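Note that this is a predicted model, so its numbers are computed, not measured.
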Amino acid sequence: MTTRVLPASGDPDLARAMITLVGQLPGLEPTRAVPDSVALLDTLGALAAGNPADLPEVVLVHEAIGPMPALELVREVAMRFPAVGVVLATADPTAGLYSAAMDAGARGLIAVPLEREELGARLAAAAQWASGVRGHLGLASVPPDTGPLGRLVTVSGAKGGVGATILACQLALAAHLHGPDPAPGDPAAGGGGRGVALVDLDLLGGDVGSYFDVQFRRSVVDLAGLPDISAQVLAEAVFPHETGLSLLIAPAEGERGEEVTEDSTRRLLHAVRARYDTVIVDCGSHTSPPGATAVESADTALLVTTPDVIAVRAVNRTVRMWDRLHIRKPRELLTVVNRHGRTGPVQPQLISRITGTPVAGSVIPAGFRELQDAQDSGRIQDLDPRGAVRRAMWALAAEIGLADAAAVAPPGRRKGKRP
């Protein structure tokens, strides 16, 4: 069952940090943050007036929210919405404040800056309490998910033209054909269960459809304005490709990408992950609100670069920006080197030192001739399996756990001495 958490903070940076951390915790789903006490009470009141079961299980309130003093706000929420657990975030978690917060009706107190493990524990305790109250009051609960959410992997380019889209396509193909075998009793482990989806969130000029020669009237934008994305609605927007992949492509009219917001992206990704074992998202080379939402929610976030000074500088800018905006910390990214040459001056170790990010062990060599026919024909799935580029990309899929390492090994290769 998914626990909904409503962040409430007048500090935009803290609100984003709340959303990011909550989104990374299993079983928790952040809703859109509210900036002050008036907006919080209005939001909860509107939800309660419709269907009380739509209320979030937990509200995470920052002590400096205003204009109502935080303890008064906690008391007001506890009195008007008794089935909502309140956790108070404070920079000074003293014993006296803890006692006052509990007296006001809070279900927990947490220190700022937020730590993931502590936050998870406090929210889980508040959610468990809220669930018990709702059961006692006879309120309908949120329908449970049919299974665990699928794995989300994002692929972003440090700059345009570094090969992020081709990599996203090949990772999806590798995951579909050679995903790891499901563990006993785990219906969502690996590619072979509910399938693999490839989502194009490069909304201004995404090329996933072109690489697979797909012309389809549905796109990501068709799901943007929907408050609820059912399995049937999602199926109507997805293109079932001959490779077995499910493609959710970018709009043909790039300007329509503005219709996709952070909230709609979060709903979209949740719906896709509920349907597919593995979701690969091409986020493009520019940090848009939808792309940032995907990156901060991802289980694995890849940042693709080429081994040249301009691209590595772009990696550095992107990494620092994502860190400042609390999208993702440098150590939580994996930089992938594309078009690598063994004799070039910019090597993976240097890139790691400059950017502060780990670099994938599977580096991808330059191979323009190898790529050209598959690209020009719109059949990226026909990339030569014996070629160095595809082998390296599929080795990366194995390295990050999307594909079985033995299955994607180069054909005819054996360890040991030659006969």
Side-chain angles (χ1 to χ4, degrees), residues 153 155-179 191 195-202 204-216 219 238-252 254 278 280-285 302-308 311 336-344 360 362-400 402-405 407-413:
V153 177
V155 184
S156 307
K159 57 184 288 293
V162 296
T165 298
I166 293 177
L167 179 60
C169 295
Q170 290 299 319
L171 291 178
L173 289 165
H176 170 66
L177 291 174
H178 299 298
V196 177
L198 177 56
V199 181
D200 195 345
L201 279 184
D202 186 2
L204 288 177
D207 286 323
V208 166
S210 296
Y211 278 116
F212 287 99
D213 194 23
V214 169
Q215 295 182 347
F216 192 50
S219 74
V238 165
F239 182 86
H241 195 260
E242 63 183 58
T243 58
L245 294 179
S246 294
L247 306 181
L248 190 53
I249 62 177
T278 303
I280 311 294
V281 180
D282 179 4
C283 295
S285 57
L302 306 179
L303 187 55
V304 184
T305 185
T306 47
D308 57 84
V336 179
V337 182
N338 190 23
R339 302 175 197 148
H340 174 257
R342 294 184 179 180
T343 60
S362 303
V363 294
I364 303 163
F368 295 101
R369 291 184 179 179
E370 182 181 336
L371 290 166
Q372 187 169 1
D373 287 345
Q375 286 183 166
D376 291 346
S377 63
R379 294 189 60 84
I380 200 64
Q381 67 270 25
D382 291 344
L383 195 61
D384 187 354
R386 299 165 298 179
V389 172
R390 206 198 83 159
R391 293 206 314 265
M393 290 184 176
W394 285 38
L396 176 64
E399 180 179 339
I400 63 176
L402 289 178
D404 180 74
V408 300
R413 296 286 294 274

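Residues forming a ring-ring contact (aromatic ring centres under 6.0 Å, His included) with H241 (at least two apart in sequence, or on another chain): F212. Listed by chain and residue number, nothing satisfies the side chain to side chain donor-acceptor pair (under 3.5 Å) test with D213 (two or more places apart in sequence, or in another chain). Residues satisfying the side chain to side chain donor-acceptor pair (under 3.5 Å) test with Q215, not counting sequence neighbours, are none. Listed by chain and residue number, W394 satisfy the side chain to side chain contact (heavy atoms under 4.5 Å, CB included) test with L177 (two or more places apart in sequence, or in another chain). Not counting sequence neighbours, the partners of T165 by the side chain to side chain donor-acceptor pair (under 3.5 Å) test are D282. Under the salt bridge (Lys or Arg N to Asp or Glu O under 4.0 Å) criterion, D373 pairs with no residue, sequence neighbours left out. Listed by chain and residue number, nothing satisfies the salt bridge (Lys or Arg N to Asp or Glu O under 4.0 Å) test with D308 (two or more places apart in sequence, or in another chain). With sequence neighbours excluded, the residues satisfying side chain to side chain contact (heavy atoms under 4.5 Å, CB included) with A250 are D200. Checked against side chain to side chain contact (heavy atoms under 4.5 Å, CB included), A407 has the following partners two or more places apart in sequence or in another chain: H178, D404. Residues passing the side chain to side chain contact (heavy atoms under 4.5 Å, CB included) test with S362, sequence neighbours excluded: A395, L396, E399.
Smallest separation of non-hydrogen atoms from A374 and D382: CB-C, 4.4 Å. Here the closest non-hydrogen pair linking M393 and I364 is CG-CD1, 3.8 Å. Contact record, T305 with A311: OG1-CB, 3.3 Å, taken as the closest heavy-atom pair. Taking every heavy atom of both residues into account, L245 and H176 meet most closely at CD2-CB, 3.7 Å. Heavy-atom minimum distance, V389 versus A366: CG2-C, 4.4 Å.
Within the structure, the salt bridge (charged side-chain N to carboxylate O under 4.0 Å, His left out) test picks out no pair touching residues 157-172 (sequence neighbours left out).
Annotation: side chain of I280 is in contact with side chain of L402 (closest heavy-atom distance under 4.5 Å). Side-chain contact check for Q375 versus I380: some heavy-atom pair is nearer than 4.5 Å.
A distance of 14.0 Å separates OH of Y211 from CG of L247, quoted to the nearest 0.5 Å. Put simply, CG on L248 and CG on L201 are 8.0 Å apart, with the number rounded to the nearest 0.5 Å. For the atom pair CG (L167) and OG (S156), the distance works out to 10.5 Å, reported to the nearest 0.5 Å. Annotation: the span from S285 atom OG to L303 atom CG amounts to 10.5 Å, rounded to 0.5 Å. Rounding to the nearest 0.5 Å gives a distance of 8.0 Å between CG of L371 and CZ of R339.
Shown are V162, V363, T306; of these, the side chain to side chain contact (heavy atoms under 4.5 Å, CB included) with V337 is made only by V363. Partner of V281 under the side chain to side chain contact (heavy atoms under 4.5 Å, CB included) criterion, out of V153, L198, V199, V155: V199 alone.
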Problem - Candidate pair L302 and L171, rule side-chain contact (heavy atoms from CB on, under 4.5 Å), full reasoning - result: CA-CA 11 Å; L302 306 179; L171 291 178; 3.6 Å; yes

Problem - Candidate pair T243 and L173, rule side-chain contact (heavy atoms from CB on, under 4.5 Å), full reasoning - result: CA-CA 8 Å; T243 58; L173 289 165; 3.9 Å; yes

Exercise for the section: Could you go through the side-chain contact (heavy atoms from CB on, under 4.5 Å) check for F239 and I249 one step at a time? Expected result: CA-CA 8 Å; F239 182 86; I249 62 177; 5.6 Å; no

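Using a distance-only test at 3.5 Å, with no hydrogens or angles considered, a donor-acceptor pair links the side chain of E370 to the main chain of A388. With hydrogens and angles ignored, the 3.5 Å screen pairs no side-chain donor or acceptor of Q381 with any backbone N or O of C169. Between the side chain of R391 and the backbone N or O of R386, at least one donor-acceptor pair lies under 3.5 Å.
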